[in-house]
**Student:** 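Can you read through this structure? Questions will come right after.
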Amino acid sequence: MRLSPRHPRYRSLRVRADLAASSRRGLVVPEGLIAHGRGEAFDYLLGERTLPSARRAERAAAAWLRAAARPVLSVNGNVAALAAGEVARVARARPGLGVEVNLFHRTPARARAIARVLRAAGIPRVLGVRPTGRIPGLPSDRARVDRAGIAVADVCVIPLEDGDRAEALRRLGKRVISIDLNPLSRTSRVADLPIVDELTRALGNLAADLERSRSRPPPSRFEPFDRAAALRDALATIGRRLRSPAAVRRPPGARPR
Ligand code: ATP
């Protein structure tokens, strides 16, 4: 289908078409398409923009990545399909950041395909293609990680992650930074630093913050972050938007009968 850039939801339709194509190529699993739909719904409710509280979370996350000794950014199929360029930009802006393929539905072919996309985006070393370690307390494949990456990381950025794994990483004592549009997901609720923002916006802002601070020495400690306030603010925004009279007004351009 040809998409018109004049369609009011062109960007969303474009992203869906790209994800569907990535699913046909085996990069994204069908479950990933459903997860994307859940994300889109929350983005709609949040106003499809970065909230000031999310921007604060992104700045705090950049500072944590700079303070970290062994930070890792975890990449699944949706993240590779939607944001390989942004992942590469964050990795360039934070030398030493590990980029690890981390899959809920793992097959060796899919892990290799994701690594190829990341390498093509400019990430020379991709971890997790042949996982060598395990996260205790998780079943089978979902436990598999790289011994040189997530297994030894002190800070893990986990975009679009499932709640079990987020929880397991926390139990291992890692500082968990989530990127998830759903402030009610288990992932957002267990994360030490939940970023409630759309993936490409969040990674773009994170990269910009890291680029800006590159000439400064890294912070000597992890600044505390008020995770509950960040989640409360996202939920309050959704509540306000649902109650606002604008929520039932016809959209601009809708034809009167
Ligand atoms: P949990 O296990 O954490 O309760 P879940 O069962 O919803 O959550 P998944 O199905 O793995 O977990 O969902 C991935 C999460 O990613 C969803 O909460 C969804 O809102 C979010 N998400 C999907 N696409 C995006 C995106 N582009 N940007 C940010 N978040 C997204």
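For ligands, and for the atoms within them, numbers begin at 1 and follow the listed sequence. Bear in mind that the values here come from a model prediction, so they are computed numbers and not experimental data.
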**Student:** To which protein heavy atom is atom 7 (O) of ligand 1 closest, and what is the distance rounded to 0.1 Å?
**Tutor:** Arg38 NH1, 2.4 Å
**Student:** I'd like a table of donor-acceptor pairs (distance under 3.5 Å, sequence neighbours excluded) in which one partner is a side-chain atom from residues 82-89, with atom names and distances.
**Tutor:**
residue, atom, partner, partner atom, Å
Arg89, NE, Glu211, OE2, 2.8
Arg89, NH2, Glu211, OE1, 3.0

**Student:** What residue and heavy atom of the protein are closest to atom 15 (C) of ligand 1, and at what distance?
**Tutor:**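 Protein heavy atom at minimum distance: Asp180 OD2, 3.5 Å.
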**Student:** Relative to ligand 1, is Asp197 under 4.0 angstrom through side chain, backbone, both or neither, heavy atoms considered?
**Tutor:**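 Asp197 to ligand 1: backbone contact only, side chain stays beyond 4.0 Å.
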**Student:** Going by salt bridge (charged side-chain N to carboxylate O under 4.0 Å, His left out), name the residues that satisfy it together with Arg9, two or more places apart in sequence or in a different chain.
**Tutor:**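 For Arg9, the residues satisfying salt bridge (charged side-chain N to carboxylate O under 4.0 Å, His left out) (neighbours in sequence not counted) are Glu48.
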**Student:** Against the six-membered ring of Phe222, is Arg175 placed for a cation-pi contact (under 6.0 Å from the centre, within 45° of the normal)?
**Tutor:** yes
**Student:** Counting from 1, what ligand 1 atoms have a heavy atom of Glu198 closer than 4.0 Å?
**Tutor:** 27 (N), 28 (N), 29 (C)
**Student:** Is Asp154 salt-bridged to Lys174, going by a charged N under 4.0 Å from an acidic O?
**Tutor:**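 Salt bridge between Asp154 and Lys174, a charged N being under 4.0 Å from a carboxylate O: no.
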**Student:** May I ask you to decide whether Glu58 forms a salt bridge with Arg55, counting only side-chain N to carboxylate O separations under 4.0 Å?
**Tutor:** yes
**Student:** With a 4.5 Å limit on heavy-atom distance, are the side chains of Arg241 and Thr237 in contact?
**Tutor:**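 A side-chain contact exists here, since the closest heavy-atom pair is under 4.5 Å.
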**Student:** Which atoms of ligand 1 have any heavy atom of Leu181 under 4.0 Å away?
**Tutor:**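 Under 4.0 Å from Leu181, ligand 1 has these atoms: 26 (C), 28 (N), 29 (C), 30 (N).
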**Student:** Under 4.0 Å from a heavy atom of Asn182: which atoms of ligand 1 are those, numbered in the order shown and with their elements?
**Tutor:**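 Checking each atom against Asn182, I get 18 (O), 20 (O).
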**Student:** How far is atom 10 (O) of ligand 1 from its nearest protein heavy atom, and which residue and atom is that?
**Tutor:** Ala35 CB, 3.9 Å
